[in-house]
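Throughout, a chain's letter reflects where its sequence line sits, starting with A, and its residues are numbered from 1.
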There are 2 protein chains.
Amino acid sequence: MRIGELAARTGTSRDTIRFYERVGLVEGRRLSNGYRDFAPETVEWLAYVRTAQTLGFTLAEIARHGEELREAPDSADALSALFEQKIQIVDARMAELATLRAELTDRVGTGCPLRAAGRRDAPAS
Amino acid sequence: MRIGELAARTGTSRDTIRFYERVGLVEGRRLSNGYRDFAPETVEWLAYVRTAQTLGFTLAEIARHGEELREAPDSADALSALFEQKIQIVDARMAELATLRAELTDRVGTGCPLRAAGRRDAPAS
DNA sequence: CTTGACCTTGGAGCGTAGTCCAGTGTTTAG
DNA sequence: CTAAACACTGGACTACGCTCCAAGGTCAAG
């Protein structure tokens with residue numbers, strides 16, 4: 001698959017895909033004419049990248065995870081360990097969200113906002 | 001409270017606080033000598049900012065929420081509505097995380113990685 | 001009065017994640 | 001054969017979120 005098709009299929013711009021390649025997030029072989037040629041699985045991989053990204057993982061982290069996956073001895077055990085690790089990160093983030101949610105629900109119904117700073121009732125002079 | 005104390009109490013650098021002020025995230029009045037003077041609630045507000053931020057809200061969004069809170073007619077109802085809104089955003093993010101988590105757990109125990117792109121088994125020539 | 005801690009501003013610089021060219025080559029359709 | 005559609009590279013530019021000066025003002029202690 002060439003870059004245009006991958007872009008169309010993933011809703012990612014060509015430039016972004018080239019950028020992802022530069023930072024090691026995707027890898028494609030090259031055709032004899034120099035054009036990139038991506039494997040079909042790249043579509044799913046990019047979808048995963050997008051998801052992970054919106055969850056706050058940096059491209060560097062995502063790339064690292066991808067590499068770990070590719071470099072891992074391909075025993076199911078090693079892979080499972082990596083997934084477990086990512087799940088823990090996800091769980092931690094969910095816990096944080098739950099905390100924020102609780103903070104918010106606590107204040108629903110009270111007249112007490114999260115108090116932004118700076119009231120102006122005692123002038124500085 | 002002057003900037004140094006606020007920085008110490010929140011674990012935020014002075015520069016960051018000044019930056020936050022520039023972008024409207026915190027507001028302090030000024031003492032006659034030009035020094036910033038922050039209300040005590042700013043400590044909590046900054047803690048909230050940090051939390052919201054790690055959850056993927058941009059500073060602009062957080063600032064906007066803060067303003068909405070300050071500008072809202074201070075009826076408990078209006079505030080509650082705002083909180084409900086934020087809770088929905090939080091819930092949506094949690095749902096996304098749950099999806100990713102499910103994707104991950106699905107693959108634990110299988111030998112199937114998320115397939116990074118680029119195998120090299122059929123040369124381009 | 002000086003020293004040192006603290007404050008001010010403005011501006012430069014940095015990492016992340018793109019986005020947008022310009023200039024050029026390749027492939028495909030008419 | 002030519003034009004359009006697609007691809008390539010390199011480099012400039014952007015927005016966000018800081019971080020780090022430099023040059024100077026303020027204030028309390030010695």
So do the side chains of [X] and [Y] get within less than 4.5 Å of each other, counting heavy atoms only?
| X | Y | answer |
| --- | --- | --- |
| B:Thr42 | B:Thr10 | no |
| B:Ile3 | B:Tyr35 | no |
| A:Arg2 | A:Arg36 | no |
| A:Leu46 | A:Arg9 | no |

Practice task
Identify whether any heavy atom of A:Arg18 sits under 4.0 Å from a base atom; if not, whether one sits that close to sugar-phosphate; answer base, sugar-phosphate or nothing.
Solution key: base
Whole-Å distance separating the [atom1] atom of [X] from the [atom2] atom of [N]:
| X | N | atom1 | atom2 | result |
| --- | --- | --- | --- | --- |
| A:Ile17 | C:dC20 | CD1 | C1' | 16 Å |
| B:Asp15 | C:dC7 | CG | C1' | 12 Å |
| A:Arg22 | C:dA17 | CZ | C1' | 11 Å |
| A:Ile3 | C:dT26 | CD1 | C1' | 15 Å |
| A:Leu25 | C:dG18 | CG | C1' | 12 Å |
| B:Leu31 | D:dG25 | CG | P | 19 Å |
| B:Glu61 | D:dG17 | CD | C1' | 14 Å |
| A:Leu46 | C:dG18 | CG | P | 11 Å |

Handout entry: Distance-only donor-acceptor test (3.5 Å): side chain B:Tyr35, base D:dG25
Key = yes
Taking OP1 and OP2 of [N], is either one under 4.0 Å from a side-chain nitrogen or oxygen of [X]?
| X | N | value |
| --- | --- | --- |
| A:Arg36 | D:dA7 | no |
| B:Thr16 | D:dG17 | no |
| B:Asn33 | D:dC27 | yes |
| A:Arg14 | D:dA5 | no |
| B:Arg30 | C:dT9 | yes |
| B:Tyr20 | D:dC18 | yes |
| A:Gln53 | C:dT16 | no |

Problem - Over all atoms of both residues, closest heavy-atom pair of A:Ala7 and A:Ser13 - result: CB-C, 4.2 Å
Problem - Intermediate values then yes/no, side chain to side chain contact (heavy atoms under 4.5 Å, CB included), B:Phe38 and B:Val43 - result: CA-CA 9 Å; B:Phe38 296 100; B:Val43 173; over 6 Å; no
Where the side chain of [X] is concerned, which of [options] is the nearest nucleotide?
| X | options | result |
| --- | --- | --- |
| B:Leu59 | D:dC8, D:dC18, C:dT19 | D:dC18 |
| B:Arg2 | D:dG17, C:dC7, C:dC20 | C:dC7 |
| A:Phe19 | C:dT9, C:dT19, C:dC7 | C:dT19 |

Completion exercise
Judged by nearest nucleotide, the residue sitting upstream toward the 5' end of DNA chain D, A:Gly4 or B:Ala60, is A:Gly4
